[in-house]
Every structure is written in C-alpha cells, then in structure tokens.
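Remarks on the structure that follows.
Just so we're on the same page: letters track the sequence lines, and every chain starts at 1. Quick caveat: nothing in here was measured; it's all calculated off a predicted structure.
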Amino acid sequence: MSHSILSALSEDLLVRVYGFLDPPCRKTWRLVSREFHRVDSLSRTSIRILRVEFLPALLFKHPNLSSLDLSVCPKLDDDVVLRIALDGAVSTSRLKSLNLSRATAVRARGLETLARLCRALERVDVSHCWAFGDREAAALSVAAGLRELKMDKCLSLSDVGLARIVVGCSKLNKISLKWCMEISDLGIDLLCKKCKDLKSLDVSYLKITNESVRSIALLPKLEVLEMVSCPLIDDAGLQYLENGSPSLKEIDVTRCDRVSSSSLISIVKGHPDLQHLKASHCISEISLSFLHNIKALKHLKTLWIDGARVSDSSLLTLSASCRALTELGVSRCVGVTDIGMMGLARNCSNLKALNLACCGFVTDAAISAVAQSCLNLESLQLESCHLITEKGLQSLGCYSKRLQELDLTDCDGVNDRGLEYISKCSNLLRLKLGLCANISDKGIFHIGSKCSKLLELDLYRCAGFGDDGLAAISRGCKSLNRLILSYWGELTDTGAEKIRQLEQLTHLELRGIKNITGTGLAAIARGCKKLAYLDLKQCENIDDSGFWALAYFSRNLRQINLCNCSVSDTALCMLMSNLSRVQDVDLVHLNRVTVEGFEFALRACCNRLKKLKLLAPLRFLLSSELLEVLHARGCRIRWD
Amino acid sequence: METGEDDLCQNNWGSASILDYEMAMEDEEEGEPNLHVFKASSSGKDNNNNNNGGQASVQGVKAQAWDPRTMLCNLSFMEQKIHELQGLVHLILGRNGQLQDEQQQLITADLTSIIIQLISTAGSLLPSVNMLSTTAPGSALFPFPREANNLASQTLNNGGASQELEDDAEEGENLPPGSYEIKQLEKEEILAPHTNFCTICGKGFKRDANLRMHMRGHGDQYKTPAALAKPPTKETLPGSDAPMLIKRYSCPFPGCKRNKDHKRFQPLKTILCVKNHYKRTHCDKSFTCSRCHTKKFSVIADLKTHEKHCGQNKWLCSCGTTFSRKDKLFGHIALFQGHTPAIPLEDTKPSAAASSQRGSSGCGNSNNNAAMVSFSLGSAANANQETSQPCVMDGKTSFEESFSPLSFDICNFGGFPRSIFDDSFQMLISSACGCSPINGGVGSVSDTSL
C-alpha cells in the first residue's frame, strides 16, 4: 500500500516534502527507498565530513552542495585536495561555504587548489590553523569573491599575508583576525583602505594601537566591531569612532584595560542607533554622565558592564530609558542589590539573558521579580550567588517557562527541593550544578524525570548522590549530549552502565573517578557510539580491557585525555591506531607505557593528530623523524 | 700660485673654462660619489673665486636698492685693487724662485692687505654676506711665515663658502631670467669620457692637469714651469670688463624641463649636474646591480650607492619594486590598484620540499590506517598488492600514495612487517570483542554523512 502512495508522488513533490524535514529525519528519509535516497542526494546543500576517505564519493553523490565542513576531518591534507582537483567527476563549483577550521595539514598548495576549484566560494573558515601564515593567506586570496573570512589564531599570519587577502578579495564584508598576533597597524590600515564594504571586523587580542582605530573609523559600512582585550588602545583611539563608521551597531571593548567610560561616552554620542555595547571589565564605575548618554540609546539591546561598580539608582535610570534591553551582563558588579534588580525587572520585560554571576547581594526577591516580569527569559547565570535559595528557584520554575540555560554553579542554597522547582522549566537545555554540595539523588531524580530536552548537564564535584540519580538522568534525558561528572566519588561501574544508555552523548568528563574500572568504560564505549570527547584523567583503576573496548567501539572519538591512567603499551597502540578520528590527545604521566610504546602509538596516529601533550623528557627519547612528521602535519606538541 | 693668478686675472666673468669645472667635478666624484652636486662648486675654488665679487654685486643689486653712487665707488675701488693685485702677482711670477725671503715677506704682506680690503669692500656690497666677509679677513690674518699661495686660497675658499650658502638659499630657483647666463653643452660633449687629449699620442684625460703631467714624458720642453702651469684661456685673460653673470646650464634634450626652451625651465647649476641629469634622464640604464640583478642605473655613483644598501630592501611588491621599510611598501600597495606584497622566494623551496616529503610519508601511513579501518581483516596479500602498486585508485582507501619512508621505518622498528602488525591488531580486536569488524566499518560509514 505504502509503495503505491510513494510512487504516486512526483520528484518535485518529494523535494518539497524533504524541504520540511529536520536533519535527523532526513537521515531516516534516505533509507526509505532508492528514489528517496536520490532526492536526498540532489537536495542536500550542506555536509560535514567525518572521514576523509569518503570525501570524493560524497562530493560526487551530492552535486548541489553549497556548504562543506571539513573541520572534524583530521586526515585531510594537501594530497587529498589535489586528488579531488584531478578527479573530474567531482563538482565543487556551487560550493559557497568552506570550513577548514583546525585543518592544519592543508597548506598553501592545497588551499590554492581548493580556492581555484570552488569558484563561487564566499565563506571560508580557517580558524585555529596555527601554522597558517602569509603563504596560506596568499593562496586564499585566489578566491576573489570571498565575503566572509575567519582566520582566528593563524599565528604566523602577518601584515603581508593580510595585504594579499585584502588586495585579492576586495569584496570582503566580514573578517575575523582574532589572535593573529603578528598583525600590526599597517595591515589594519590597508584592510580599511581597500575593503570599503567591510561590515564586521574582529581585531580582538591584537597588539594594534590607536592608529588602527583611526583607520577603522573611516570604514563607511562597518556595523560590528570587536576589539576584546586590545591592550594598546586607549581613550584617544576610541575618540576617532565618535565621528567615524556611521552605521556602527555593535561594539565590544571587553577587557581593553586602557579604555575608560569617557571614550565610551563619545562613541555613544556619535552613534545613537547603537544596539550592542559590550564593555565588560574595562570600566570601573558607571558614572552619571555615562548613564546620561546611555539613556539616549533607544535601540540598545545588549549591554555588558561586568566588573563595574553599579549602584541601584543607576540601574534604575538605565532600565527606565533602555526598555528594549534584551541582554544584560552585570556579573562581578559591586553594588548590584535587590532594589536595582527589581527595578530592572519592572522596566525591561523583554529581557532574555541576564548574567548575575558573583553578585553576592542578590537574593530570592530579585530572582522572583525577574522571573515574574521577564517571561521571555532564556538564559540566567547565577554562579556564586550564595543567597539564592529554593524560594527563588520556585518562582523560576513557576514563571520562566522559556528558560533554556541556567547556571547555578557554586550556589550553596540549591537543594533537592530547589531542583524539584527547576525541573518545571521543561524547556531547559543546559543546567550547571557544579560544586553544589546540598543536592542528592532525590533532586537529580526530578531533573531526570521532567527535563527531557536537556542537552547539557554539569555535575562537577557534586558529592551527594550516587548511581540512582544517574539512572534517572539516563532514563529521562535521552537527548543529553554533554555530561560532566568529574570528581564525583560515588560513580561506579553500575553508574557507567546507566551512562551507556545515553546514546547521544558526545562529550563526557569522568576525571578523577577512582571507582570506575575497565568494565565500566567498556560499557560506556559500547553504548555511546557518538562520543567525541572523553576525559579519563586520573581514572587509575581502568585496566586494558576498558581501553580495548574504547579502541574498538568509540570510532568517533576526537579528543581524549588519558593522563595518569594505567594504560599499557599495547592498549595505547591499539587506541591510537584504531581511533581514526582522534586529533587531540593528552598523554602525560602514563606509568605503564614505555618509550617504545609511545613511539609506536604516535607513529600509528601521526597523520591525524593536531594537538598532543607529552612529558618533556620524551622530547629527547622519541625519534626525531616522528617529531618531524608530527610537526609537518601541523600537530602542536605541548611538553609538560 | 698659478690658480690664484688665473682667477684673479679673470675679468671676463661671463664664461669660465669648462676644463676647470671638469676638474672640480672629477675631484668630487672620486671622493664622494653620491653627494649632491652643489658641493662640487664649493670645492671648485677656481670658479667660486671668479664668481665671488660678481655674484655678490649681482645679488646686492637684486636684493636691495642700494645707493648706486656708493656702489660704483666701491666697485671702482675694487677694480683698482684687483689691478694692484694682478701687478703684484705678476711680480711674483716674473721672479719665480729667485725671490728673497725679505722681498717675499713684503710682497705677501701687501698681497694680504689688498685682499683684505678687496673682500671687505665686496662684502659691504651685500648685507647678508657682511657677517661672513668680516670674519673672513680675520681668518686671513695668518702669521707671516705662511705662504701667500695658501693664504690666498684660504681666503678665497671662505668667499666660496659664503657664496655657496647663498646658492643653497636660492635653490628654489627664483633667479629671474636674464640674471644668469645659460650655457648648453652638446650631447657628445656631455657623454665624452675624456675632454683633454694628448696632441702627440692621442691619449685622453679627464683633467688638463693630468694631461700636463703626461706631457712631461714626451720631452723636456714640457717640463718647464711655464709648460706645467695652467694655460690661460681667453676668458681668463686680463683686461676685459664684461658684465659679471652667474652661469647656469641647459640640458640639450628638447622638451626636457631642464631645457632652456621649456616653459617652466629650471636651469642646472653645474656641469656635473648636467652630466648626471642627462645620464639619469635621457640615457639607457646600463649598470645593473650585481646583487639583485634588477635595479639598473646610468650613473656609476648611483649604482655604488645602491649596492651599499642592496639586500636591505626586503619589502618587495608584486610589481618588483623593493622597499627598505614596511610602511613604505604598504603605502605603495594602498596607492596602486592590484599591487600586493610578494612573499619572499627563499622560504618557498624548503617548505615545498618539506610538504612534499611530509605528504608522501604521511600519506603512506594514513593509507595503512585506512586499510585497517575499512578493509576489516585486510589480508597480507591485499596489503602487498597495495604497496606494489602505489597509485591504485580504489574509491575509498588508496587515493593516497602508498609508498612511504616512514612505513618502512615502522617495519624496522617493530621488527616485523607492517601488514602483519595491522592484522595482529585486527585479530586481537575481533577476538576480544567478539564482534565482526565489518559491522564497525559500516557503522562508521553511516556516521560519516551526518
């Protein structure tokens, strides 16, 4: 019967139906029939490749791809790219977006080939390719149509490379140069002179001076300017922005030590349409004149003033004028009390995100007020607010039905009753309960039974509960993908059996859990097939059987921490050779592994490692050839 | 003494001998090849001496409206003094070598006093020179055992210095047309390597002094003091009272801004200027830098200057221009559309070599792993086949080369062949977990396309 219905649908109808499906459903869709599979292949526009072996076949199968993500494909290198270029069957001409983050083994030759191959390329991400420099930048500049470029942490990139990109890709309207420490004023100046269409610029952590700000101010279309922690920029530099960059909408000067409120006032004066002002940890006090000018910003949506001295009255004036505020960061602000917060809650009912971390004087009254008036609240950070008790959490549970993220790390007042109230926030996606000492199995049981959408749960150093609580979590929160259980003494192999049921788990931290053995790890490895991050530091009682199971089942493991584990030579070799996606490994203090064992294991995985932590003496014991190969493949070794 | 005589006898200020200029110029070029040309005129004592009085007067006229009577009075006084001086010098010349000490002292004393008077009068013609000309006599008052020759040149030198200062001040070239005389040399004359030729053997020299030295070899008649003395040219002959004019030069190239027919003509100051200008602007650049092999010059001195700094210009533009400073390069790039900084070549070769080497070694290894993952229990035969046919295109696994130096190393390292090593692991896994590795492989395939 179903067969007849399906055959009645024409292909374009199938394509339309397919368009309404979300990614997990699409995965099922293509298993239905050959026809469905074909529709999937033709309609698919974005893909994330996990293993480079399948790249050519997948590119061939999906000719209409516009977005290709190779950031978790550790074996990708120049030769693979060249092979694809030579393979005429692969069509890449429609590709617009390319993610090469952490693809350190691809160098200038491969990049240039890719840039030539993908003629329609508009977005490229090469962030965290630490070895990238001017040569790679020159290769990228071949893609003349580039509009967005992310080059965070390309440590060798200098002004010369930036100039190549700037001249080659003059249509750029978004560029991120975070942590490109070699970039200086000259490069920024040239960027601002040549790329007049620039709308978003990130120069965070650069050692640029006021001269750069002077150049940036000349950009006519700039909307977003991020300059987090630029230690050489001061008020005189920011003054240039008062009359420059007329369409500025967002500015981030977080942790710019030499910036004071006077220059922020001048920016605010010049841009009455500013929407996002992020000035955490750079102004010490909210002065009256600053408040007076902020009041003029009718469209202000985001305000971060973390770390400043904020009085209740100033918070009241602020909230009375900026009623459109949706995001407020006042963490570590001295002087924030209930009166101010209640005034804020009354005025800014559109608030979606509120950061109150380390505001020690905030009590339940403030939280209740916020919960009652700000019904759209989605994110609430209450780290180290010690005065908050179950009462505050009760009103959160009653009113904040849209709450998605709640951080209660280090809140002593959180107890089982409080968790019961929180569990009523059924849309909760992320919950952090680290260092909460007063919770037990009972509280966790409530969370597990009601918060079925939970994606992330942080139970760092929570001492009070045992395997039963975990059982509730594993029964209720089936979509959990991030679980932190570090230093939780009570976890045993029985608990590990429960974790096994969380099939969506990708990130698991089991640091310092002494009671778990090889049996427990084997259970986790068998169950959590999607595991990509695993922290087993100081899990001393896991024996080789656990690691063997890991080597066999956890084929998607990308990052693993094995410090202080009692792994043997053979188990380590097995792990390293079998985990074909592993790219970040910590191998410090492995007492049972010999130098030969290390050499063996690293040789087995040297073509895909990106980051490696080893004990310093091994630098002289490992063969120089191995180290050379690791380096040439773009692997960064941290000698401990 | 002869130079002094020549210059002081010269009354026809209009044109000085080219040879004198040539000499001054050559001095300069050999000493400091790349200094600006106007220095040449400072060391060219002869000319400056010539110009000293004349130019001062000209500038005096130009600078300020003086009482013409005082002026005339002063000038005629100077003329008189110059004649006295000429007489004295002739006296010395006539009795060359036979002069007694006493007489010589007398004559030098006279000479000194006349020159001092001359200079102070000349200085009074021009207010701006006043300072210098009043100090000049002071420096001229040397104790007597000094030779008159030295003394004269010293004094005149000072005069020259003051004149040069004036020159620099008016470097904006607002000399009114007509206030100077324009000379134009022909192309051949400018480019000629030698200007003095031996009439006997035909050898060429840059300076007439060298020619005179050379002539001594042709016979005793060239060894007399008269023959060795600088021959007086017709301009330097005494008696002619031509108006004193500054000399400026024109470039013979038509259309050049330095050509006298150009609308906004800017004259060249000395013959050295003419020579350098003509070579730089209108000649081929025939001297190539031996270090960079790109920069070319037409004046040797320029080449030498460049070679001193060549190699320090590490900032290179795609157009081939080099810069010693990064900001200059970036300014250049900002100015010209499409120009980009070039990335130095020397880095390319090692990195390319390294990448190819690493490529092959890394690939071999990844191939091994790929084989291990997707060909579950890859038989030894299979592995051998792969290594024997390096470029097998096999869809999944071997689109990388199989040959690898590192994999050989692994063989030696373990003491057994790599393929066996893989197989043993695979066997261990399958026996330990009791599952078929093929399933695992399939699982990974389906995960891939998430």
Task: Atom CD1 of I300(B) with >12 non-hydrogen neighbours under 6.0 angstrom - done: no
Task: Closest heavy-atom pair and its distance - A163(A), F330(B) - done: CB-CE2, 3.9 Å
TODO: Could you grab the distance from atom OG1 of T340(B) to atom CD1 of I165(A), nearest 0.5 Å is fine?
DONE: 11.5 Å
Task: D284(B), CG: over 12 other non-hydrogen atoms inside 6.0 angstrom - done: no
Task: Inter-residue atom distance D327(B).CG - D189(A).CG, 0.5 Å rounding - done: 10.5 Å
Task: For A138(A) against I343(B), the heavy-atom pair lying closest together - done: CB-CD1, 3.7 Å
Open item on the list: Does atom NZ (K196(A)) have a neighbourhood of more than 12 heavy atoms from anything else shown, all under 6.0 Å?
Closed with: yes
Task: Segment of S170(A) engaging chain B (4.5 angstrom heavy-atom cut-off) - done: neither
Task: E503(A) CD: over 12 foreign heavy atoms closer than 6.0 Å - done: no
Task: Contacting region of L186(A) [heavy-atom separation from chain B under 4.5 Å] - done: both
Task: Heavy-atom closest pair, residues A334(B) and K193(A) - done: CB-CD, 3.8 Å
Task: Contacts of type salt bridge (Lys or Arg N to Asp or Glu O under 4.0 Å), residue K326(B), not counting sequence neighbours - done: D159(A)
Open item on the list: Can you tell me how far apart CD1 (I333(B)) and NZ (K194(A)) are? Round to the nearest 0.5 Å.
Closed with: 8.0 Å
